[in-house]
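Quick caveat: nothing in here was measured; it's all calculated off a predicted structure. Here is how names work: the chains are called A, B, and so on, in the same order as the sequence lines, proteins then strands, and each is numbered from 1.
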Protein chains: 2
Amino acid sequence: MTVTIKDIAKVAGVSYSTVSKALNDSPLVKGETKKKVAAIANEMGYAPNFAAQHLVSKKSKIIGLIWPTIERAVLATLVTKISNELNKTPYSMILSVDPLERSLETFKKYKVDGAILFEEDVNVKISNFSPPILVYGVSRNNSSDYPVIDPDHQQAILKAVTYLYKLGHRKIAYIGQIPQNDPRQIAKYEGFKKALKKFGIEELNKTSIINTEGLDWYDGYSAINKLLALDEPVTAIIGGSYDISAGIVRGLKDKQINIPEDISVISYDNIPQMENQEVPLTSVGVPVEQLAIKIVHTLIDLMENEQPLPQVTMMTPVLTERISCAPIKQYY
Amino acid sequence: MTVTIKDIAKVAGVSYSTVSKALNDSPLVKGETKKKVAAIANEMGYAPNFAAQHLVSKKSKIIGLIWPTIERAVLATLVTKISNELNKTPYSMILSVDPLERSLETFKKYKVDGAILFEEDVNVKISNFSPPILVYGVSRNNSSDYPVIDPDHQQAILKAVTYLYKLGHRKIAYIGQIPQNDPRQIAKYEGFKKALKKFGIEELNKTSIINTEGLDWYDGYSAINKLLALDEPVTAIIGGSYDISAGIVRGLKDKQINIPEDISVISYDNIPQMENQEVPLTSVGVPVEQLAIKIVHTLIDLMENEQPLPQVTMMTPVLTERISCAPIKQYY
DNA sequence: TTGTAGGCGTTATCAG
DNA sequence: CTGATAACGCCTACAA
């Protein structure tokens, strides 16, 4: 038997509507009464019944998030951060690991007030799902019907190159996956090329872009061999993802190459885990906390105000200095 | 405006209580009527309102699952499979990424009918949470107050050794983490030692247990060097986890050692991803699907029957043959 | 400032 | 077989 507002009402000696108001901090109730009711409620271990609240308010205060099957560290972290951020609001989150359509079906039954999708899912057409939808990461696919939050990959890599350039680096390698069909990876790659051009060092780096097969640690690890075979060795490396960079660090270590003394390393993906690498890695990217905050509050805005928000929001990346980069001595 | 049974009733020309019964396949409604109602409901895009159902039935049909922060491939897979399995039942799942207490708080508000916990969380004492709780993986900690489902790690390794022994292998290495405080890893280690003894090959393998620092790919990868430094080379390796084995495969490949021609490899963790390794790995462990099924249905039993089930259920591991093991030729 | 009454969408009970 | 009607826990006018 869970305790309801009626139970509280009996104990408090007031009507249950008063209890309801008191608990909702309504101005229609004396402060004194509020305190008393709150105390009793607390003591009795009262927890509001979401189902009942939902039924009457027509608001579920739930947002649905589709858990992408691809389990990269960044996304797992992002999901966690989103949940944490949501905990500071009246909203809760349900995670669905099903494919898009099935997930939306579930969301409909729960009458979620809004939903968050990841890029991967958005290609399917979404039919009769009315709550607001927010999409993370498809700025390239500008045909999206929904507001989009997207980190600015190009700018991130530009910041990385700028940072290295200012430290005196001129020979800089990019180790990352460059597939035809992944706009995010392509954006990083393009960002790198543009940055080289901006600083007038493209000629120097004709051969220092290494296209890995995938995004895994081994891709970074094995790229080190190719890198070392270069005629002119680089003094700095930009890793295209967390996992790739983890492999790079190991690869260099196995060759007795020290970071940052012998070579500087910057990783894409600005997540706390970078700190835990053998060498804490300086990294660029939009910090996941910021992403999470932006995503959550944009969605809440969408749900509560229905204002047409800017269609796509590019998030500004940040370079977080750790200890994997050093200046080039000879340039001093 | 979402469609309710009343809307359907109007269109169908029956009372809404009849609609309710029809939709629930009650024997109190003519088959004909049922069909008609179902057709209309479907056409109108009707989805039942969980909140309302919950309110009247006192059953939320939701189970809560606390998402362990430790993100190993196996657990991610397990969570997904559990969700898939739950989809075949009337139950839904909410995932919480919060710490135990906060998660339970949320679960209470949603009035979940049951909850699933992972080993990591269970040490905290749980107060005033009434729905049944099922714990995955703490058989060692027999002080658990809740029913436990646990894979039999020891037996898994025993099966691996047996399999290799029958193939003619006598020099077998175990590469895994052996920490003081992780009962699962210790169980595997103990299982290995017992198995060696059973087959009378402990003396042969005095030095072929490699205690890795961690459970990551690099731990497996770098263990290969130590392994190769052994006086008497082994003909088979058992990897203690999915990630470790992934590292082992890469490590061997880098040394031009072929699997299974030059060396046989078996991995712990029986998950589908084993198939995707460069060399599809023969593996031992309770298949995640089976675990998921067991977990889900045990919990459902718990929720619906309240029968006191056996306190701890050890799941029998299975060896899944792929192509990473070969017989020793000279024994033929 | 507090209490009363109606209703949210659904199921269950009991008449028809 | 079908249709009213009460009830689930809560919120919100509206009345007192």
Taking only N and O in the side chain of [X], is any of them less than 4.0 Å away from OP1 or OP2 of [N]?
X      : N     : answer
B/T33  : D/dC1 : no
B/K58  : D/dG9 : yes
B/S15  : D/dG3 : yes
B/K111 : D/dG9 : no
A/N49  : D/dC8 : no

- Message: Once you apply a heavy-atom cut-off of 4.0 Å, does B/Y46 come out as touching a base, just sugar-phosphate, or nothing?
- Response: sugar-phosphate

- Does any donor atom in the side chain of B/S92 or A/Y110 lie under 3.5 Å from an acceptor atom in the other side chain? yes

- Task: Check whether any side-chain N or O of A/D7 sits under 3.5 Å from a backbone N or O of A/T4 as a donor-acceptor pair, and report yes or no.
- Result: yes

Out of [options], whichever nucleotide has its closest atom nearest the side chain of [X]:
X     : options               : value
B/L55 : D/dT2, D/dG9, C/dT2   : D/dG9
B/K6  : D/dT2, C/dT10, C/dT2  : C/dT10
A/V56 : D/dC10, C/dT11, D/dT2 : D/dC10
B/K21 : D/dC8, D/dG9, C/dC14  : C/dC14
B/V14 : D/dG3, C/dT2, C/dT10  : D/dG3

- Task: Confirm from the modelled atom types if B/S17 and D/dA4 form a donor-acceptor pair under 3.5 Å, side chain to base only.
- Result: yes

- Message: Regarding C/dT10, can its base be found pairing with the side chain of B/S20 as donor and acceptor, where the two atoms are less than 3.5 Å apart?
- Response: no

- Message: Looking at every heavy atom in both A/M93 and A/S83, which two are closest together, and how far apart are they?
- Response: CE-CB, 3.7 Å

- Answer yes or no: are there more than 12 heavy-atom neighbours, outside B/K294 itself, under 6.0 Å from its atom NZ? no

Take atom [atom1] of [X] and atom [atom2] of [N], then tell me their distance rounded to the nearest Å.
X      : N      : atom1 : atom2 : result
A/L28  : D/dA15 : CG    : P     : 15 Å
B/Q53  : C/dA12 : CD    : P     : 10 Å
B/D7   : C/dC8  : CG    : P     : 11 Å
A/H54  : D/dC11 : NE2   : P     : 13 Å
A/K35  : C/dT1  : NZ    : P     : 13 Å
A/L23  : D/dG9  : CG    : P     : 15 Å
B/K109 : D/dG9  : NZ    : C1'   : 16 Å
B/M44  : C/dG9  : CE    : C1'   : 14 Å

- Message: Test side chain to side chain donor-acceptor pair (under 3.5 Å) on B/T320 and B/N270; report intermediate values, then the result.
- Response: CA-CA 7 Å; B/T320 303; B/N270 208 334; 2.9 Å; yes

- Closest nucleotide of DNA chain D for B/A52 versus for A/S57: which of these residues is on the 5' side? B/A52

- A/K30 or A/Y16, whichever maps to the more 5' nucleotide of DNA chain C: A/K30

- For B/D25 and B/K34, what are the C-alpha separation, side-chain angles and deciding distance, and is it a salt bridge (charged side-chain N to carboxylate O under 4.0 Å, His left out)? CA-CA 7 Å; B/D25 200 26; B/K34 276 186 200 169; 3.1 Å; yes

